[in-house]
Amino acid sequence: MQKSPTVLVAPKNLPEPSNLMLDHAWFKRPTAVVAADLIGCYLCRRMEDGEIVRAMITETEAYLGIGDAGCHAFEGRHTPRTSVMYKEAGTIYVYLIYGLHYLLNIVTTEIGQPEAVLIRAVHIENEPIRTGAGPAKLTKYLHVDKRLNNHLLGETVGLWVENKVQDSVPVSVAKRVGIDYAGDAAHWLLRFYWTGHGSVSK
DNA sequence: CTGTAGATCTTCT
DNA sequence: GAAGATCTACAGG
């Protein structure tokens, strides 16, 4: 009997953002703390037709800037793609990987400190458990692409995060995925996921 | 069920 | 020219 964790209080699919919306200061904390804290929170997207989709975050990864060989901004690398990582906490960083997949990150910490959290998996109510099980799958479902890059989270751009409604969420830590080239940093425990949840990436 | 090819943009060698 | 913070389809055992 493999039942996925039950949401104690159902997410309100209200037509408007709720007062649980996280402000930018919430993301201006140590990146690993933000990444762990995001598990159980809701990634909210206003779709083209005006409907708001609330997707519960079940997996994240922290990328720790200039000292992290797995981070795009390693050793202060500053390119057209990575410049957004140096901006203010709460800024959306979307980039194209392998020429066809968009991945969603949220910038953290201070301006000038290129750190971010990658959203790796979400669970969308009333959808198959694997619908948002992967960083590229969730962006496809939520229509997240380059248009959002460089904008602050909020109702204006149609993408924001609302706080979790559960009191305690079981969180596990593990090594990050897909950065075997990063040497030592490949072993850092910067991946966070809802323990045993069926929507966590493979 | 495991393995791998292919898609094809951005960055670095 | 090569490889990447990935996913899907399909071949083979």
Side-chain angles (χ1 to χ4, degrees), chain A residues 2 27 30-39 41 43 45 53 55-87 89-109 113-124 127-151 153 159 161 171-194 197-202:
Chain A
Q2 291 287 63
F27 296 93
T31 306
V33 172
V34 173
D37 222 358
L38 276 173
I39 306 300
C41 292
L43 180 64
R45 177 72 167 131
V53 174
M56 193 176 67
I57 299 170
T58 56
E59 184 181 5
T60 62
E61 280 179 359
Y63 285 85
L64 304 187
I66 65 174
D68 179 359
C71 181
H72 290 153
F74 180 49
E75 292 180 325
R77 289 190 45 233
H78 205 292
T79 68
R81 184 182 66 168
T82 63
S83 63
V84 60
M85 295 191 77
Y86 294 79
K87 301 185 87 175
T91 302
I92 299 164
Y93 171 33
V94 175
Y95 74 96
L96 190 61
I97 186 69
Y98 301 119
L100 62 160
H101 299 304
Y102 291 107
L103 300 204
L104 170 64
N105 301 255
I106 301 170
V107 175
T108 55
T109 68
Q113 217 170 316
E115 306 195 14
V117 173
L118 168 69
I119 310 298
R120 283 195 60 87
V122 299
H123 173 51
I124 302 136
E127 289 290 345
I129 191 71
R130 305 295 294 170
T131 301
K137 293 175 78 176
L138 70 93
T139 55
K140 184 180 178 196
Y141 182 88
L142 295 173
H143 297 173
V144 168
D145 58 35
K146 280 301 242 189
R147 293 172 300 174
L148 292 168
N149 189 47
N150 236 304
H151 287 90
L153 287 170
L159 185 72
V161 181
V171 176
S172 296
V173 287
K175 292 188 285 189
R176 291 174 294 179
V177 174
I179 55 164
D180 294 340
Y181 60 85
D184 215 38
H187 305 298
W188 294 354
L189 300 176
L190 292 176
R191 179 174 159 235
F192 303 89
Y193 60 97
W194 189 313
H197 200 289
S199 70
V200 171
S201 69
K202 93 181 157 188

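No experiment lies behind these values; they were computed from the predicted model shown. A note on names: the letters A, B, ... follow the listed sequences, proteins ahead of strands, and every chain is numbered from 1.
- Within the 4.5 Å cutoff, side-chain heavy atoms of A:L189 are placed close to those of A:K175.
- Taking a centre distance below 5.5 Å and an interplanar angle below 30 degrees as the stacking criterion, A:Y98 does not stack against the six-membered base ring of C:dG4.
- A:I179 has its CD1 atom 7 Å from the C1' atom of C:dA5, to the nearest Å.
- Between the side chains of A:T109 and A:E115, not a single donor N or O lies within less than 3.5 Å of an accepting N or O.
- If you check every strand for non-hydrogen atoms under 4.0 Å, A:K140 touches nothing.
- When the P atom of C:dA9 is taken as reference, atom NZ of A:K202 falls 15 Å away, rounded to whole Å.
- Base pairing of C:dA5: no nucleotide in any strand meets the Watson-Crick or G-U wobble criterion (both distances under 3.5 Å).
- One interatomic measurement links the two molecules: CG of A:L103 to C1' of C:dG4, which rounds to 10 Å at whole-angstrom precision.
- Ranking C:dA5, B:dT11, C:dC7 by closeness to the A:L118 side chain, first place goes to C:dA5.
- By the 6.0 Å and 45° rule, A:R176 stacks over the aromatic ring of A:Y63.
- Contact annotation for A:G70: base contact, defined as any heavy-atom pair under 4.0 Å involving a base atom.
- Looking at heavy-atom distances under 4.0 Å, A:R81 makes contact with sugar-phosphate atoms alone, never a base.
- Between A:H72 and the phosphate of C:dA5, there is a side-chain N or O to OP1/OP2 separation shorter than 4.0 Å.
- In this entry the distance linking CD1 of A:I97 with C1' of C:dA3 reads 9 Å, nearest Å.
- Between A:Y141 atom OH and C:dC7 atom P the separation is 17 Å, expressed in whole Å.
- If you take atom P in C:dA5 and the same atom in B:dT2, they sit 25 Å apart, rounded to whole Å.
- Listed pair A:R191 / C:dA5 fails the phosphate criterion, with no side-chain N or O lying under 4.0 Å from OP1 or OP2.
- With A:Y95 contributing its side chain and A:N149 its backbone, the two residues share no donor-acceptor pair below 3.5 Å.
- Rounded to an integer number of Å, the gap from CG of A:D180 to P of C:dT6 is 10 Å.
- Nearest to the side chain of A:P80, among B:dT11, C:dC7, C:dA5, sits B:dT11.
- When rounded to the nearest whole Å, the span between NE2 of A:H101 and P of C:dA9 equals 11 Å.
- Here A:L96 lies in heavy-atom contact (under 4.0 Å) with sugar-phosphate atoms only.
- For A:L100 and A:K146, each mapped to the nucleotide of DNA chain B holding its nearest heavy atom, the one lying further toward the 5' end belongs to A:L100.
- Counting non-hydrogen atoms of neighbouring residues, nucleotides and ligands closer than 6.0 angstrom, the NZ atom of A:K202 reaches no more than 12 such neighbours.
- Distance CH2 (A:W188) to C1' (C:dA5): 15 Å, rounded to an integer number of Å.
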